[in-house]
Structure formats: C-alpha cells, structure tokens
Amino acid sequence: MDDMPEDREALLRKEYHSQTARINWHDLQTYYAHGNAISVGSDLNLVEVAVQLGLDNTDQFQQWIADGQIASVHDDQALVWYEVNQELWAVVAPPWLLVQQRT
C-alpha cells in the first residue's frame, strides 16, 4: 500500500531535520562546483524548504523564487563565503544542497 501524502511529508520532515547541520562553506565546494547549491533566505525554515522540494511542490518553489527567497548560489556570494569559510546551515535534498546563512 502506498504511503499517504501526509505520511510522506512527516517522513521527509523527520529525515531532513535529522540531517540538517552547521557546516563551513569549504566543505560544500563539491555541490557548488556541480551547480547544485541553493541559497535559502534566512526568514524561511530550511527543513520546510527541503520538505517542499522532496514533495515536488512546484507552486511553492516558484513563489519563493519570485519573492527572491530562494536562488542558486551566485559566484560573488560563493567567493565571499569562501574567503571567510562561512559557517552555514545546510541540508542535502538530492541532488540539491540547500544552504542558509543566519546572523
């Protein structure tokens, strides 16, 4: 029997929550080099973004992108983070790496 959508959502939330960690930018270079690093605005819940990605919630992602809350990590930002080896919150939602800078 297939999982109910809410069961899948709960499972994803639990999984991503357990995999979220603080990590330095130098340790994330492989994802960035492959173009798979996504920056998540500090006002969003990183785990919730990963869950919505896992659920393929296209409408929500289009809204976040339009609002400038989610974007690919751009070269200028990556360079700044590299120079200071910025510590970020991160979670892998294959094939993507979601990163968030908190102040």
Side-chain angles (χ1 to χ4, degrees):
M1 185 162 86
D2 290 333
D3 288 336
M4 299 295 291
E6 55 274 0
D7 292 340
R8 176 163 166 70
E9 185 172 338
L11 179 64
L12 285 172
R13 187 167 280 106
K14 181 179 178 181
E15 183 176 326
Y16 289 135
H17 189 269
S18 70
Q19 295 175 5
T20 301
R22 295 173 80 160
I23 189 165
N24 293 87
W25 182 244
H26 287 179
D27 298 321
L28 302 172
Q29 293 301 293
T30 301
Y31 290 98
Y32 172 69
H34 287 105
N36 294 343
I38 304 295
S39 179
V40 175
S42 61
D43 57 327
L44 294 179
N45 180 305
L46 186 62
V47 171
E48 185 60 29
V49 172
V51 168
Q52 295 308 312
L53 182 60
L55 294 173
D56 198 27
N57 188 343
T58 305
D59 292 338
Q60 180 62 71
F61 263 81
Q62 287 176 341
Q63 185 63 50
W64 284 331
I65 291 166
D67 292 344
Q69 295 176 301
I70 293 179
S72 295
V73 174
H74 298 286
D75 293 343
D76 293 340
Q77 182 64 67
L79 180 58
V80 169
W81 286 345
Y82 185 84
E83 288 174 348
V84 298
N85 196 19
Q86 182 69 49
E87 184 178 72
L88 303 163
W89 281 99
V91 63
V92 175
W96 306 105
L97 167 72
L98 303 177
V99 295
Q100 186 176 55
Q101 183 176 356
R102 298 248 175 133
T103 54

Run the side-chain donor-acceptor check on residues 41-54: report pairs under 3.5 Å with partners two or more places apart or on a different chain.
{"from": "D43", "atom 1": "OD2", "to": "Q69", "atom 2": "NE2", "distance (Å)": "2.9"}
{"from": "N45", "atom 1": "OD1", "to": "V47", "atom 2": "N", "distance (Å)": "2.9"}
{"from": "N45", "atom 1": "OD1", "to": "E48", "atom 2": "N", "distance (Å)": "2.9"}
{"from": "E48", "atom 1": "OE1", "to": "R13", "atom 2": "NE", "distance (Å)": "3.4"}
{"from": "E48", "atom 1": "OE1", "to": "R13", "atom 2": "NH2", "distance (Å)": "2.4"}
{"from": "E48", "atom 1": "OE2", "to": "R13", "atom 2": "NH2", "distance (Å)": "3.3"}
{"from": "E48", "atom 1": "OE2", "to": "Q52", "atom 2": "NE2", "distance (Å)": "2.7"}
{"from": "Q52", "atom 1": "OE1", "to": "N57", "atom 2": "ND2", "distance (Å)": "2.6"}

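Under the 4.5 Å side-chain heavy-atom criterion for ILVMFWY residues, a single connected hydrophobic cluster contains both L88 and V73. Taken together through direct or relayed side-chain contacts under 4.5 Å among Ile, Leu, Val, Met, Phe, Trp and Tyr, V92 and Y16 form parts of separate hydrophobic clusters. Under the 4.5 Å side-chain heavy-atom criterion for Ile, Leu, Val, Met, Phe, Trp and Tyr, I23 and W96 are members of distinct hydrophobic clusters. Under the 4.5 Å side-chain heavy-atom criterion for grouping Ile, Leu, Val, Met, Phe, Trp and Tyr, L98 is connected to W64 within one hydrophobic cluster.
The number of heavy-atom neighbours closer than 6.0 Å to NE2 of H34, taken from other residues, nucleotides and ligands shown, is 12 or below. Heavy atoms from other residues, nucleotides or ligands lying under 6.0 Å from OH of Y31 number 12 at most.
I38 places a side-chain heavy atom less than 4.5 Å from the side chain of S72. Considering only heavy atoms from C-beta on, V80 stays 4.5 Å or farther from Q86 through its side chain. Within the 4.5 Å cutoff, the side chain of W81 has heavy atoms near those of the V99 side chain.
Taken from CD in Q62 to CG in D67, the straight-line distance is 11.5 Å, to the nearest 0.5 Å. Taken from OH in Y32 to OH in Y82, the straight-line distance is 12.0 Å, to the nearest 0.5 Å. If you take CG on L97 and OG1 on T30, they are separated by 10.0 Å, rounding to the nearest 0.5 Å.
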